[in-house]
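Inspection log for the structure reproduced underneath, given as structure tokens.
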Amino acid sequence: MIIIEEILINSALKAIESLYGEKISPEKIQIQRTRKEFSGDYTLVVFPLLVASKKNPEQTGNEIGEFLKNDLNFISEYNIFKGFLNISFTEIFWIDILRGIIETNNFGFKKQDEKSKRIVVEYSSPNTNKPLHLGHIRNNFLGWSASEILKANGFDVIKVNLINDRGIHICKSMLAWEMFANGETPQIANMKGDHYVGNYYVMFDKEYKKEISELMNKGMSEKEAADNSELMKKAQNMLKKWERGNEKVREVWKMMNDWVYSGFDETYKSMGINFDKIYYESETYLKGKEIVMNGLLTGELKQKPDGTVYIDLTEYGMDEKVLLRADGTSVYMTQDLGTVVDRYNDYQFDETIYVVGNEQDYHFKVLSIVLDRLEYSWSNKLTHLSYGMVELPEGKMKSREGTVVDADDLIFEMIKTAKETAEELGKLEGFSEEEKNEIYRKIALGALKFFILKVDAKKNMTFNPKESIDFNGNTGPFVQYTYVRIKSILLKAKELGIVDYKEFHNTKQSEIENSLIKNIYLFAETIAEAGSKRNPAVIANYVYELAKEFNRFYHEMPILKEDDRNIKNFRISLADKTGIVIKDALSLLGIEVPERM
RNA sequence: GGUCUCGUAGCUCAGUUGGAUAGAGCAACAGCCUUCUAAGCUGUGGGUCGAAGGUUCGAAUCCUUCCGGGAUCACCA
């Protein structure tokens, strides 16, 4: 596949040298796509070149334009407007571009090979004390999509999940269950395991608050009450037992975690998310302790009189960071150290990406520094794909106020809405219930994923669950619908016995057809850009633009009704390829396409 | 308070390494289905790009200050 910008830049460099006898750096040549209001395909900005030409923008543009036109046979004409040299390409050129794309398998995707760099992407990373919510949804969609985009850029990507399955928060759920459940199970309660366990976590919190306020009524301060809470003591005691390997505690722990996992599995499945490898904190935190103890021996880490192990980061403008508590138990950082070392030993990655919210920016900065100080040569291979929070119209989600949007509920609501909309439009008659449900699911998930992913990952975003999500306009279903339209045309073409539509020769296309080819051509650059920025929004915005452009074409141009056989073949091919790119682009977002909707 | 981050139409968001008259969708209004799926297309209205300076041929974009929101600075994860 030829790279248009590269050819133009090279030719422009030649032009400057031959016209003005100056060699300039390629960065001075600015090529961009011509904006819609002007005529042309690509535009050269001439301002930066005036230093070389020592002439006014008009003259310079004209001279360079003339040179380019003579140098490159695919330039049909050019015009200059206020220092912008707009260049148009011949119709044959665009036809050739399209043909090249049609003949390329997996256009836009780079192949993996032995030399591919390996990237381990960690995402999802739930705690096992409560079900997944809207925040996790953004994380999961981002992690999945970023992984797919990196694969498309030729990286060897491994998706991992780190489950935080131990700690005081799990003990709280366990304690509440032991106290109040009377041996009940999710099966008996007829509930998803993660929701079931989450209820006991909430129950603990309620009981704890009750106890605190009772103690405060007896005259204690809030802090005294917290220190004297029997419930909290019990939970802490349970954690200690867990760390010592107490069989009974471990048994309850394993049972409840298994309930949660089966719940998570269901949610992951409905989201269309999976992993190549799952790490459990309970299996890596000891490794972290070991690493910290070694650091103490080499003198990089220090110990306080009370036994606390910490690292002094004041030279980096940060504080001291504790890595082991005085009682020897580990903290979050300890655990992450263990996990990443394990992970490096498992995969020898060239990079590992943490898909984690931006509230942990500081944590990951520290993690890299600690690894560096402990002399891990790969400490600079960690990157943090930091994303913004999802807020509700009323503000932050707060579990205490019950404003958390549950992942399962949300997906269920989306599917319901998709079903209602489809029934209203009445387009799925003749399908079995099973087929219909599959279509509703694809549309619902498509709407949700597109809505979340089209927003720049690093920005905070607002999500309004009440207005649910639109299925019109800049949405997943709009793009899916465009795909379905194309499928419908191809099906009809087949019915009409048109099978050789890939055979077409040069034809005079309209502006809209050329524009569509240009958009398709941009897919390859878009994948590269999304990869280097690690940003699925780039793909989402691209595919929306492509779909919009196709709908304009679809509306303005007859396809199957075109009489001229050659033109008809060309248009069917154009539609076909657009459909393939839409499907591929959506797949990078984790969105499936229905064949009808 | 220190550090980081965001502020673009009524709402939700785009806007490339600084480039042309700042764009979409939703909502509002007006058109388009006996013709390839109207979850579509076309049009109208809607802006002091938070504010003020600066850098330059040129600033939503870079710098400074200020205003406003958020995050973080835990022996929580």
Side-chain angles (χ1 to χ4, degrees), chain A residues 27 30 32-38 43 45-48 50 57 81-84 86 125 127 129 164 167-169 281 304 306-310 317-327 329-336 357-363 365 386 388-389 391 393 395-396 418 421-422 424-425 427 443 447 451 454-456 458-464 467 470-482 484-493 496 525 529 533 537-538 540-541 544-545 547-548 551-552 554-562 571-572 575 596-597:
Chain A
E27 294 89 69
Q30 292 180 37
Q32 49 194 251
R33 271 163 283 136
T34 303
R35 297 177 57 144
K36 275 200 176 110
E37 318 83 272
F38 304 95
T43 293
V45 186
V46 302
F47 294 109
L50 302 182
F81 188 83
K82 288 188 181 170
F84 293 87
N86 300 319
S125 312
N127 293 351
N129 61 330
N164 183 359
I168 191 75
H169 46 291
E281 184 188 327
K304 291 185 178 173
D306 68 358
T308 305
V309 182
Y310 68 100
M318 299 170 178
D319 288 328
E320 293 172 350
K321 183 75 193 176
V322 169
L323 299 175
L324 278 183
R325 296 188 186 103
D327 67 2
T329 56
S330 65
V331 296
Y332 181 35
M333 188 61 75
T334 324
Q335 175 262 117
D336 252 0
N358 61 13
E359 72 267 13
Q360 291 188 33
D361 287 354
Y362 182 76
H363 172 79
K365 224 179 265 174
S386 167
M389 315 183 3
E391 286 168 4
K396 282 180 70 173
T421 309
E424 212 172 286
L425 294 168
K427 290 191 182 179
I443 294 170
F451 186 88
K454 76 175 175 183
V455 180
D456 191 341
K458 65 172 182 284
K459 290 191 176 174
N460 290 355
M461 66 178 294
T462 310
F463 184 90
N464 189 339
E467 291 176 10
D470 232 309
F471 290 179
N472 304 317
N474 189 351
T475 66
F478 169 86
V479 181
Q480 288 171 320
Y481 177 71
T482 308
V484 167
R485 276 183 148 176
I486 292 169
K487 278 318 231 194
S488 175
I489 290 170
L490 295 177
L491 192 69
K492 280 231 160 84
L496 293 169
E525 296 176 19
E529 191 192 340
K533 287 184 175 169
V538 172
N541 291 325
Y544 169 65
E545 206 57 49
K548 213 164 56 147
N551 279 315
R552 199 157 72 88
Y554 177 87
H555 189 259
E556 285 180 20
M557 298 278 158
I559 300 171
L560 296 173
K561 286 177 190 134
E562 170 61 41
R571 288 185 186 156
I572 297 172
R596 274 189 61 180
M597 67 185 273

If you look at every strand shown and take non-hydrogen atoms under 4.0 Å, does Ala537(A) touch a base, only sugar-phosphate, or nothing? nothing
OP1 or OP2 of U37(B) under 4.0 Å from side-chain N/O of Lys492(A): yes
Under the criterion of centre distance below 5.5 Å and interplanar angle below 30°, is Phe84(A) classified as stacked on the base of A20(B)? yes
Scan Phe47(A) against the nucleic acid and name what it touches under 4.0 Å (heavy atoms): base, sugar-phosphate only, or nothing. base
Mind checking if Met333(A) touches a base, just sugar-phosphate, or nothing, with heavy atoms under 4.0 Å? nothing
What's the closest nucleotide to the side chain of Lys396(A) if the choices are A71(B), G40(B), C6(B)? A71(B)
Contact class for Asn86(A) (heavy atom, under 4.0 Å): base, sugar-phosphate, or nothing? base
Can you name the closest pair of heavy atoms from Thr482(A) and Ala547(A) and give their distance? OG1-CB, 3.6 Å
Looking at every strand, decide which applies to Gln360(A) at a 4.0 Å heavy-atom threshold: base, sugar-phosphate, or nothing. base
I want to verify a distance call: between G19(B), A77(B), G40(B), whose nearest atom is closest to the Phe478(A) side chain? G40(B)
Do the side chain of Thr334(A) and the main chain of Leu323(A) share a donor and acceptor less than 3.5 angstrom apart? yes
Determine, answering yes or no, if Tyr481(A) is stacked on G40(B) under the 5.5 Å centre rule and the 30° plane rule. no
Once rounded to the nearest 0.5 Å, what's the spacing between atom CG of Asn474(A) and atom CG of Asn541(A)? 7.0 Å
Checking contacts here: which listed nucleotide (G40(B), A20(B), U21(B)) is nearest the side-chain heavy atoms of Asn472(A)? G40(B)
Pick base, sugar-phosphate or nothing for Leu560(A), based on heavy-atom distances below 4.0 Å to the nucleic acid. base
Let's go through Ser386(A) and Asp361(A) carefully: what are the C-alpha distance in whole Å and the side-chain angles of both, what is the deciding distance for side-chain hydrogen bond (donor to acceptor under 3.5 Å, both in side chains) to 0.1 Å, and is it a yes or a no? CA-CA 7 Å; Ser386(A) 167; Asp361(A) 287 354; 2.9 Å; yes
Without decimals, in angstroms, what is the distance between Asn164(A) CG and C76(B) P? 13 Å
Taking the same atom, C1', in C11(B) and in A51(B), what whole-Å distance lies between them? 23 Å
What is the distance, rounded to the nearest whole Å, between atom CG of Asn127(A) and atom P of C76(B)? 15 Å
Looking at Phe471(A) versus Tyr481(A), is the centre-to-centre ring distance below 6.0 Å? no
Hey, is C29(B) sitting syn or anti, using the within-90° cutoff around 0? anti
Counting the atoms with a prime plus P, OP1 and OP2 as sugar-phosphate, which does Tyr554(A) contact under 4.0 Å by heavy atoms, base, sugar-phosphate, or nothing? base
Check every atom of C26(B), C36(B), A20(B) against the side chain of Ser488(A) and return the nucleotide holding the closest atom. C36(B)
Closer than 4.0 Å, any side-chain N/O of Arg35(A) to the OP1 or OP2 of G23(B)? yes
CD1 of Ile559(A) versus C1' of G40(B): gap in Å, rounded? 13 Å
Glu320(A) with Lys304(A): basic N within carboxylate O range, under 4.0 Å: yes
By nearest atom, which of the nucleotides C75(B), G40(B), A71(B) is closest to the Val331(A) side chain? C75(B)
When you measure from the side-chain N and O atoms of Lys82(A) to the phosphate of C57(B), is any distance below 4.0 Å, counting only OP1 and OP2? no
Could you identify the nucleotide paired to U72(B), looking across every strand shown and requiring Watson-Crick or G-U wobble geometry with both distances under 3.5 Å? G2(B)
Expressed as a whole number of angstroms, how long is the span from Glu359(A):CD to U3(B):P? 21 Å
OP1, OP2 of C75(B) versus side-chain N and O of Lys321(A): anything below 4.0 Å? no
Complementary nucleotide of U16(B), counting Watson-Crick and G-U pairs under 3.5 Å: none
What's Thr482(A) touching, base or sugar-phosphate or nothing? Going by heavy atoms closer than 4.0 Å. nothing
Paired with C29(B): which nucleotide, if any, by Watson-Crick or G-U wobble criteria at under 3.5 Å for both distances? G43(B)
If I take atom CG in residue Asn541(A) and atom C1' in nucleotide U16(B), what distance separates them, rounded to the nearest angstrom? 12 Å
Touch check for Arg596(A), heavy atoms < 4.0 angstrom, all strands: base, sugar-phosphate only, or nothing? base
Searching all strands shown, indicate the nucleotide that pairs with A9(B) (Watson-Crick or G-U wobble; both distances under 3.5 Å). none
Rounded to the Å, how far apart are Lys458(A) NZ and C6(B) P? 7 Å
Aro-ring/base stack Phe38(A)-A20(B), d under 5.5 Å, angle under 30°: yes
Given the C1' atoms of A71(B) and G25(B), what is the spacing between them in whole Å? 29 Å
Is there a donor-acceptor pair closer than 3.5 Å between any side-chain N or O of Asn460(A) and the backbone N or O of Met389(A)? yes
What is the pairing partner of U64(B), taking Watson-Crick or G-U wobble pairs with both distances under 3.5 Å in any strand? A52(B)
Kindly point out which of C36(B), A77(B), A20(B) is positioned nearest to the side chain of Tyr332(A)? A77(B)
Could you work out which one of A14(B), C75(B), C36(B) sits closest to the side chain of Asp306(A)? C75(B)
Donor-acceptor contact below 3.5 Å, side chain Asn127(A) vs main chain Asn129(A): no
Short side-chain N/O contact to C4(B) OP1/OP2 from Lys365(A), under 4.0 Å: no
Considering only side-chain heavy atoms of Val322(A), which listed nucleotide, C75(B), A74(B), G40(B), is closest? C75(B)
How far, in whole Å, is G58(B) from G18(B) if one measures between their P atoms? 16 Å
Atom-to-atom span, CZ of Phe451(A) to P of A14(B) - whole angstrom: 11 Å
Could you tell me the separation between the NZ atom of Lys36(A) and the P atom of G23(B), rounded to a whole number of Å? 11 Å
Looking for any heavy atom pair under 4.0 Å, which part of the strands does Glu281(A) touch: base, sugar-phosphate only, or nothing? sugar-phosphate
Whole-Å P distance, C66(B) and U3(B): 11 Å
Across the strands shown, which category fits Asp327(A) at heavy-atom distances under 4.0 angstrom: base, sugar-phosphate, nothing? nothing
Base, sugar-phosphate or nothing for Arg571(A)? Non-hydrogen atoms, less than 4.0 Å. nothing
What's the closest nucleotide to the Asp470(A) side chain, out of C26(B), G19(B), C36(B)? C26(B)
Once you apply a heavy-atom cut-off of 4.0 Å, does Asp456(A) come out as touching a base, just sugar-phosphate, or nothing? sugar-phosphate
Just to confirm, is there a sub-4.0 Å distance from OP1 or OP2 of C13(B) to any side-chain nitrogen or oxygen of Thr462(A)? yes
Under-4.0 Å side-chain N/O to phosphate OP1/OP2 contact, Arg485(A) with A38(B): yes
Please check this pair: side chain of Arg325(A) against backbone of Ser330(A), looking for a donor-acceptor N/O pair closer than 3.5 Å. yes
Taking the same atom, P, in G23(B) and in C36(B), what whole-Å distance lies between them? 35 Å
Does the ring centre of Phe38(A) sit less than 6.0 Å away from the ring centre of Phe81(A)? yes
If you look at every strand shown and take non-hydrogen atoms under 4.0 Å, does Met318(A) touch a base, only sugar-phosphate, or nothing? nothing
